[in-house]
Amino acid sequence: MRRAEKVVISTAVTGSVNVPSQSDHLPLTPEQVVQAAVGAAQAGSAIIHLHARHDDGRPAWEPEVWERIVPPILEATDAVLNLSTGGSSQMSMDQRLAAARRFGPELASLNMGSMNFVYSGIADKVTSWKHEWEKPYVLGTYAKPFVNSFESIERTLRELGEGGTRFEYECYDIGHLYSLAYFVEKGLAKPPLLIQGVFGILGGIGAHHDHLSHLVATADRLFGDDYQLSAFAAGRDQMAFATHSAWLGGHVRVGLEDSLWIGKGRLAESNAQQVAKIRAVVEDLGRPLATPDDARRMLGLKGRAGVTL
Ligand code: KMH
Ligand code: ZN
């Protein structure tokens, strides 16, 4: 794997997995998401990965909610915006694509396979719920898989790719790399490929470091120098996997979307706090930090002007 010239820190500020009752620091309202994104960018994050939520924290897909998120962040930072097309497993594909269709972002996430994506275990840990919707929402993941068919992957690549959007390929297992290779072969997934190794999701590959080494060995075989690695793990292993990725010469992803923690038993108070922590690791490793424009150059992104306001 070729060492990234500079390390891109991505921050996933809120997501759709963690729920309000788990932490008071999880950004919920669009205004809180904007504030979290700006804070993360100011702390050194070049890419901001975004989901939307209604004011009560319920995952949102509606463009009117996204209107309160994307333009203010574009206004306040020069960070690259990476809009989720994963949304939540409870959304339809059209709902999941609505935001990226509306804004034509520089980057969008693309989930490289259907899978169980189970976070019903949250219900074992939360004893008092802030909102009615939370418990059925997390329990519902036990029965409902996260569907990403080849048809929907192709449709996303064609439709958003036409507008110049490029992708963060979310790979939750080794097999997802072979799915990505299929779309590279078809000329739909275009290098340089940003491969995001996702570890520790129940239903995906576990958070064991030998799995990251194996993912890199497989990606090297399939894509050679045509890919750039990024990696993270959900929950307590988030920083260890980001550190491992940086040590390998890859990029990193942090954020309250995937881990509410800043250390053992200590809730992170902000996304910026996690960015500062991984930035210190990256700089202690002697690796240069990428600015948003470095990320644009390294990943072949279309630039801010290409985003539809
Ligand atoms: N929360 C991550 C495990 C997406 O938004 O499309 C996966 C993710 C996917 O961020
Ligand atoms: Zn996401």
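Order of listing sets the numbers, starting from 1, for every ligand and every atom in it. Computation of the quantities below employed the complete heavy-atom set of this structure, encompassing side-chain atoms and omitting hydrogens, waters and symmetry-equivalent molecules. Predicted model, so just to flag it, every value in this text is computed and none were measured.
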inquiry  = Please tell me whether Gln274 and Gln238 have a donor and an acceptor in their side chains that are separated by less than 3.5 angstrom.
reply    = yes

Where [X] and [Y] come nearest, the two heavy atoms and their spacing:
X: Leu26; Y: Thr14; value: CD1-O, 3.8 Å
X: Tyr137; Y: Val19; value: CD2-CG1, 4.2 Å
X: Thr85; Y: Met93; value: O-CE, 4.2 Å

Just to confirm my output: which protein heavy-atom neighbour is closest to [atom], and how far is it?
atom: atom 5 (O) of ligand 1; value: Ser84 OG, 2.7 Å
atom: atom 6 (O) of ligand 1; value: Ser109 OG, 2.6 Å
atom: atom 3 (C) of ligand 1; value: Asp258 OD1, 3.3 Å
atom: atom 8 (C) of ligand 1; value: Glu257 OE2, 3.5 Å

query = If Ile, Leu, Val, Met, Phe, Trp and Tyr residues are connected whenever their side-chain heavy atoms lie under 4.5 Å apart, and connections chain through other members, are Val65 and Leu28 in the same group?
reply = no

So for [X], does at least one of its heavy atoms come nearer than 4.0 angstrom to any atom of ligand 1?
X: Val17; answer: no
X: Gln196; answer: no
X: His49; answer: yes

ask   = Of all the atoms in ligand 1, which lie at a distance below 4.0 Å from a heavy atom belonging to His51?
value = 5 (O)

request  = Report, in ascending order of atom number, the atoms of ligand 1 lying under 4.0 Å from any heavy atom of Val198.
outcome  =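 In order of numbering, the contacting atoms are 3 (C).
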
Within the 6.0 Å centroid threshold, strictly below: Tyr172 and Phe117 =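 Between Phe117 and Tyr172, which both carry aromatic rings, the centre distance is below 6.0 Å.
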
Using a 3.5 Å cut-off on N or O atoms only, is [X] in polar contact with ligand 1?
X: Glu170; value: no
X: Gly86; value: yes
X: Tyr172; value: no

Aromatic ring pairing Phe241/His244, orientation class (parallel under 30°, perpendicular over 60°, tilted between) = tilted

task = Assign the ring pair Tyr182 / Phe150 to parallel, tilted or perpendicular, where the plane angle (0 to 90°) is split at 30° and 60°.
result = tilted

remark   = Residue set satisfying side chain to side chain contact (heavy atoms under 4.5 Å, CB included) with Val70, at least two apart, ordered chain then number -> Trp66, Leu74, Leu81, Leu83, Phe103

ask   = Got a sec, which residues hit side chain to side chain contact (heavy atoms under 4.5 Å, CB included) with Asp294, two or more places apart in sequence or on another chain?
value = Lys6, Ala290, Thr291, Arg297, Met298

Phe167 side chain reached by Leu157 side chain, heavy atoms, under 4.5 Å =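 They are in contact (side-chain heavy atoms under 4.5 Å apart), so the answer is yes.
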
inquiry  = Once side chain to side chain donor-acceptor pair (under 3.5 Å) is applied, do any residues pair with Gln228, and if so which ones, sequence neighbours excluded?
reply    = His251

inquiry  = Just to be sure I understand the site: which N, O or S atoms from the protein are less than 2.8 Å away from the Zn ion (ligand 2)?
reply    = His49 NE2, His51 NE2, Glu257 OE2

